2 protein chains.
Amino acid sequence: MATLKDIARALDLSITQVSRALNDHSDVNEATRLRVKATARAMNYHPNASARKLVSGRSGMVGLVVPNYRNIGQDRIFMEVVAGLSTQFSGRGMQFVLHMMAEHEPALPVYQKLIGTAMLDGFVLIDPMEHDPRIDFLRKAGVSFVVHGRSGKTIDYPYFDIANEQLAYDLTAHLTQRGHRRIAFLNGRADRSYVTVREQGYIRALRDGGGEALPHLHLNGEMDEAHGLTDTIRLFSGEAPRPTAIVCGNVRLARGVYQGLEALGLSVPGDVSVVAHDDELPALRASAFFPSLTVTKSPLRDSWEPLADCLAGAIEGKPLGTLQRLGSYNFIERNSVARL
Amino acid sequence: MATLKDIARALDLSITQVSRALNDHSDVNEATRLRVKATARAMNYHPNASARKLVSGRSGMVGLVVPNYRNIGQDRIFMEVVAGLSTQFSGRGMQFVLHMMAEHEPALPVYQKLIGTAMLDGFVLIDPMEHDPRIDFLRKAGVSFVVHGRSGKTIDYPYFDIANEQLAYDLTAHLTQRGHRRIAFLNGRADRSYVTVREQGYIRALRDGGGEALPHLHLNGEMDEAHGLTDTIRLFSGEAPRPTAIVCGNVRLARGVYQGLEALGLSVPGDVSVVAHDDELPALRASAFFPSLTVTKSPLRDSWEPLADCLAGAIEGKPLGTLQRLGSYNFIERNSVARL
DNA sequence: CGGTCCTCCCGAAACGTTTCGGAAAACATA
DNA sequence: TATGTTTTCCGAAACGTTTCGGGAGGACCG
């Protein structure tokens with residue numbers, strides 16, 4: 001509740017000088033600066049965020065806007081995102097605002113309103129679509145934001161992403177190099193941008209390695225155990241030529257694939273080889289699979305720090321070059337692939 | 001980006017009158033009011049939250065401060081809380097700020113700082129301890145808050161809670177009425193306020209129903225499957241007199257208890273009767289237990305609306321009487337209890 | 001000694017809103 | 001005609017901060 005005026009009165013200084021002292025401006029005597037800072041601490045002073053925002057344009061608050069959906073409470077990835085980002089921003093002295101929309105509420109008006117009231121300095125965008133309207137909207141509005149992933153043709157905004165094209169290439173090439181020609185790819189939902197990019201890597205690896213690019217072997221859908229299971233059953237049920245190997249978009253899919261193959265009486269890697277990308281989601285360890293799973297590994301939890309970093313940088317007006325980051329991944333060979 | 005000044009200029013009115021028109025004050029001509037509101041909408045006006053806060057003291061933002069801990073991403077209850085509260089406040093046109101502390105960071109300084117910067121109108125407190133210092137702190141600071149549960153002697157603050165004493169009484173009495181005398185209670189962590197209250201209900205029911213209040217039958221701990229399992233094994237391992245029935249603080253504990261009893265070769269309800277309180281956590285249905293579980297049911301997800309309601313009411317200065325709410329629960333008898 | 005350059009400070013304006021205290025005009029009342 | 005009352009409006013102050021423009025005093029230089 002203490003204000004600059006209180007401190008100024010206590011020290012017989014002007015408000016101006018107190019403000020300058022606290023903000024480490026140049027033209028204030030060192031002794032004065034120390035006196036001011038000491039009394040500020042003593043009086044338990046915290047600058048009023050609204051007043052500061054009003055004149056300086058910064059509030060130190062960033063937002064995440066997400067749609068609510070049934071069972072969001074069970075979505076571990078969402079939980080990771082929220083906990084990770086919140087922790088990161090709290091640690092930077094910033095505040096994290098979580099805005100949860102009604103299930104089918106359109107997003108743009110929500111951003112519009114949040115921007116209008118001017119209480120947020122920027123946004124984190126997750127789950128970008130292939131041509132994501134939010135990006136255009138925020139770009140036009142001139143608001144800072146950072147994208148988890150990339151989307152669209154002109155990537156002129158801050159982002160953190162992993163090399164999804166290369167990762168899908170590596171996984172697929174690992175299989176072609178071991179003689180596999182018919183390789184299935186259980187990919188994510190078709191409207192997500194990283195899904196398209198991964199598909200390109202998969203196709204490129206097939207082409208380079210002499211694999212067959214059969215449309216029925218590339219499947220899109222939610223990346224959970226249920227889809228891994230059902231897709232696997234379908235792959236080995238019809239008349240169409242069957243794969244000898246399966247690339248999974250994440251480890252949850254792979255778990256479903258293992259269950260499906262077991263149900264079909266097929267062994268890993270004897271009958272079918274399996275590889276996956278591993279986000280290191282909690283309580284799902286690829287090394288604990290039997291047989292242990294060959295993966296490209298890139299923990300999702302390594303995303304939050306660079307994302308917060310980039311958004312904070314964007315708000316401070318740092319040059320774009322420093323705000324576009326690519327995460328690394330490791331290729332970990334285990335026991336789920338056979339040489340044909 | 002449009003301001004009151006812009007609207008005033010466009011309509012050749014004073015800023016004062018525009019503000020009063022938009023806020024539905026009395027002394028503004030009906031025709032003027034409509035004109036103002038129309039142009040405000042046309043110019044896509046949203047009041048600047050910081051400016052408003054500065055003069056009116058309200059920002060429309062509320063906060064939740066929680067400690068981060070390992071594997072918080074796997075904690076479904078936390079997820080429910082965040083998603084539920086965020087949705088509720090978003091729906092009320094308020095913003096929900098999630099502040100995640102470092103793992104062992106003391107909480108009070110964080111509240112202190114958040115209060116100091118004056119950007120929040122109030123707080124939601126979850127997981128109250130038996131004598132929770134946060135309550136005293138916020139009460140002294142004169143900040144609005146609402147507690148999920150109750151704590152301390154003087155309950156002079158807004159809260160939403162369920163009748164934990166009565167609920168534990170009902171579960172225990174259900175067993176004594178069927179002839180059980182040695183009844184174990186797997187309760188929550190001893191420092192939580194609702195745990196103490198439930199213990200009182202358990203004791204009262206034992207006394208009323210002629211049960212034996214044996215200290216070794218009342219166990220405290222995290223309410224998860226692992227503890228349900230280990231506590232059960234221990235209850236039936238030592239020299240001490242063994243229970244004929246077990247009351248579980250939640251359904252996760254009960255699941256562990258079922259597993260433990262199965263491992264010990266004991267049947268439900270033939271050898272041991274089991275009852276529990278059911279928060280209706282996702283993916284854990286008491287009716288799907290075998291044998292199906294007798295419970296007191298009170299869905300956790302019914303908490304968020306009254307909590308948001310009470311906090312919003314407290315901020316608006318409504319009388320305390322309307323801000324203290326008790327949730328109801330149902331007693332659902334199924335097949336996990338035998339008559340002795 | 002006059003001029004220039006630091007060092008340290010301050011008043012005042014600005015950000016966008018709400019609200020207090022009038023005040024002009026129109027109209028009714030005595 | 002004088003006196004209230006109602007309706008509709010406005011200027012100005014206030015919230016707490018940052019920042020612009022300037023200014024007093026001293027040191028330094030030629």
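For clarity, every value in this text was computed on a predicted model and none was experimentally measured. Throughout, a chain's letter reflects where its sequence line sits, starting with A, and its residues are numbered from 1.
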Worksheet item: Could you write nucleotides 5-18 of chain C as a row of B, S and -, 5' to 3', where a protein heavy atom under 4.0 Å of any base atom gives B, of only sugar-phosphate atoms gives S, and otherwise -?
Response: ---BBBBB--BBBB

Item to complete: Write out all pairs satisfying side-chain hydrogen bond (donor to acceptor under 3.5 Å, both in side chains) with one or both partners inside residues 54-63 of chain B, taking only residues at least two apart or from two chains.
Response: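 Qualifying pairs, neighbours excluded: Ser59(B)-Asp121(B).
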
Practice prompt. Output all residues satisfying salt bridge (charged side-chain N to carboxylate O under 4.0 Å, His left out) with Asp12(B), sequence neighbours left out; order by chain, then residue number.
Written response: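 Counting only residues at least two positions away or on another chain, Asp12(B) forms no salt bridge (charged side-chain N to carboxylate O under 4.0 Å, His left out).
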
Practice prompt. For the pair Phe123(B) and Tyr111(B), name the ring-plane relationship: parallel under 30°, tilted 30 to 60°, perpendicular over 60°.
Written response: perpendicular

Practice prompt. Name the orientation class of the two ring planes belonging to Phe89(A) and Phe96(A) (parallel below 30°, tilted from 30 to 60°, perpendicular beyond 60°).
Written response: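 The rings of Phe89(A) and Phe96(A) lie parallel, inter-plane angle below 30°.
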
Discussion item. Could you check whether any side-chain N or O of Lys53(B) sits under 3.5 Å from a backbone N or O of Ala118(B), counting only pairs where one atom can act as donor and the other as acceptor?
Written reply: yes

Worksheet entry | Sequence-distant partners of Met129(B), side chain to side chain contact (heavy atoms under 4.5 Å, CB included), two or more places apart | Asp132(B), Asp191(B), Arg192(B)

Practice prompt. For Pro47(B), enumerate each residue passing the side chain to side chain contact (heavy atoms under 4.5 Å, CB included) test, keeping only those at least two apart in sequence or located in another chain.
Written response: Tyr45(B), Arg52(B)

Discussion item. Report for the helix from dC1(C)-dG30(D) to dA30(C)-dT1(D): angle between first-end and last-end helix axes, five pairs each, rounded to 10 degrees.
Written reply: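 Its terminal axes enclose an angle near 60°.
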
